[in-house]
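Worksheet: one structure, shown below.
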Amino acid sequence: MPELIEVERYRRLAEGVLGRPIGAVTVDPLAAVPHAVDDVADRLVGRSAVAARRIGKLLLCDLDDGGTLGLRFGMTGRLLLDGVAGLDDLQYGSNREEPRWDRFRLDLLDGGSLVVRDPRRLGRVELDPDEGRLGPDAATVGVDALTRVLAGSTTALKARLLDQGRLAGLGNLLADEVCWRSRLDPARPAGTLDRREVAALARTIRTTVAELDRRGGSHLGDLQAARDGRTACPRCGGAVLRRRIGGRTTISCATEQR
DNA sequence: CCGGATGTTCACCT
DNA sequence: GAGGTGAACATCCG
């Protein structure tokens, strides 16, 4: 799933649900919803969404009673409005049409529907999620905010960039891509970046998110070929490193990234 | 059968 | 408190 880019697509899709009252709610009994299923239905039936927002990978649908429905998509969650997917090709997810993977469904009074289809069930549905737990959104992060994310930390740069409480929206693929484009070693202690490096990284995060959004997804970065098995850096032809950093498989150029 | 996968969270160490 | 690791979640895919 969905990193920031994919969830932004879902957000745009979700705008199509605004003003359309909810008639019924169906929740997969195994789906991770930290509420009683009946409570979710009680809160949503009869309501309609008035705005669709996004912070990082969290999609927020503001309701006409002042509440908010929060949707997370895990690694394989897709969003469908009126049966149409917001995203066709989700890597690592299956794109087969399997209604049995529908974990959360809003049936609208006008006959339409909003559905979270998630084979692995790693997505989450939450009422009134705590938005304060998320850091600033990566799509618009500036040098000052990024400085606050990195300064004084001995943690690996990549692990810090993936920490949603400090910077919201980057996932494993985007984090590797921005480190590679910035020629920064993802294992380097975050606090060792100087002002110039932090400023360049902030710019690279914004431009990379925008560019991969135009290309169509987080998996369309220049580094993806190396992730898929090539052993040469697509820029210099040197050796590619495959390590685990921050608990995630990490691809980087052994010579360029310092 | 095995390992790994765009994620989050929690228990358990150091 | 700060971080690291590993497991768990559940399922598909190569």
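Keep in mind that what you see is a predicted model, and the values were worked out from it rather than measured. Sequence lines set the chain letters: A, B, ... in the order given, protein chains first and strands last, and positions in each chain run from 1.
Of the residues in residues 175-193 of chain A, none has a non-hydrogen atom less than 4.0 angstrom from any atom of DNA chain C.
For A:E3, counting side-chain heavy atoms from C-beta on, the closest listed nucleotide (B:dG7, C:dA10, C:dC12) is B:dG7. When the nucleotides C:dC9, B:dT6, C:dC12 are ranked by their closest atom to the side chain of A:L122, C:dC9 comes out on top. For A:R121, counting side-chain heavy atoms from C-beta on, the closest listed nucleotide (C:dC12, C:dA10, B:dT6) is C:dA10.
Exactly one residue among A:R188, A:R203, A:R258, A:R183 makes a salt bridge (charged side-chain N to carboxylate O under 4.0 Å, His left out) with A:E197. That residue is A:R188. Paired with A:E8 under the rule salt bridge (charged side-chain N to carboxylate O under 4.0 Å, His left out), one option of A:R54, A:R214, A:K57 passes, and it is A:R54.
A:R248 places no side-chain N or O within 3.5 Å of a backbone atom of A:G171 that could act as its donor or acceptor partner. The main-chain N or O of A:L173 is found under 3.5 Å from a side-chain atom of A:E3 such that the two form a donor-acceptor pair. Proximity of a side-chain donor or acceptor of A:R160 to a complementary backbone N or O of A:V149 within less than 3.5 Å is detected.
In this structure, A:D213 places its CG atom 14 Å from C1' of B:dT6, rounding to the nearest Å. Rounded to whole Å, the distance from CZ on A:F73 to C1' on C:dC9 is 18 Å. For the pair A:L162 CG and B:dT6 C1', the computed distance is 11 Å after rounding to whole Å. For A:L59 and B:dT8, the CG to P distance is 14 Å, given to the nearest whole Å. Between the P atom of B:dT8 and the CG atom of A:D130 lies a distance of 15 Å, rounded to the nearest Å. When the P atom of B:dT6 is taken as reference, atom CZ of A:R227 falls 6 Å away, rounded to whole Å. In this structure, CD of A:E6 is placed 17 Å from P of B:dA5, rounded to the nearest angstrom. Atom CG in A:D228 sits about 16 Å away from atom P in B:dG4, given to the nearest Å.
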Check nucleotides 1-6 of chain C for protein N or O atoms closer than 3.5 Å to its own N or O atoms and list the pairs.
residue, atom, partner, partner atom, Å
C:dG3, OP1, A:S153, OG, 3.2
C:dG3, OP2, A:R160, NH1, 3.0
C:dG3, O5', A:T155, OG1, 2.6

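Using a 4.0 Å cut-off, no side-chain N or O of A:R78 falls inside it from OP1 or OP2 of B:dT6. Between A:W101 and C:dC12, a side-chain N or O to OP1/OP2 separation shorter than 4.0 Å is present. The phosphate of B:dG7 (OP1 or OP2) has a side-chain N or O of A:K57 nearer than 4.0 angstrom. Checking the phosphate oxygens (OP1, OP2) of C:dT11, no side-chain nitrogen or oxygen of A:T76 falls inside 4.0 Å. Taking side-chain N and O atoms only, A:R100 has no distance below 4.0 Å to OP1 or OP2 of C:dT11. Between A:R248 and the phosphate of B:dA5, there is no side-chain N or O to OP1/OP2 separation shorter than 4.0 Å.
Rounded to whole Å, the separation between the C1' atoms of B:dT6 and C:dG4 comes to 22 Å. Comparing the P positions of C:dG1 and B:dT8 gives a spacing of 22 Å, expressed to the nearest Å.
When side chains are defined from C-beta on, A:L69 counts as touching A:L106, because their heavy atoms get closer than 4.5 Å. Put simply, the side chain of A:T76 does not reach to within 4.5 Å of the side chain of A:W101, judged on heavy atoms.
Pair assignment for B:dG7: C:dC9, on the basis of Watson-Crick or G-U wobble contacts that are both within less than 3.5 Å. Using N1 to N3 plus N6-O4 or O6-N4 for Watson-Crick, or N1-O2 and O6-N3 for G-U wobble, each under 3.5 Å, B:dT14 pairs with C:dA2.
Under the 4.5 Å side-chain heavy-atom criterion for grouping Ile, Leu, Val, Met, Phe, Trp and Tyr, A:I55 is not connected to A:L167 through any hydrophobic cluster.
Atom CZ of A:R12 is surrounded by more than 12 heavy atoms from other residues, nucleotides or ligands within 6.0 Å.
Residues A:R181 and A:D222 are paired through a salt bridge, judged by an N-O separation under 4.0 Å between the basic side chain and the carboxylate. The existence of a salt bridge linking A:D185 and A:R243 is confirmed by a sub-4.0 Å separation between a basic side-chain nitrogen and an acidic carboxylate oxygen.
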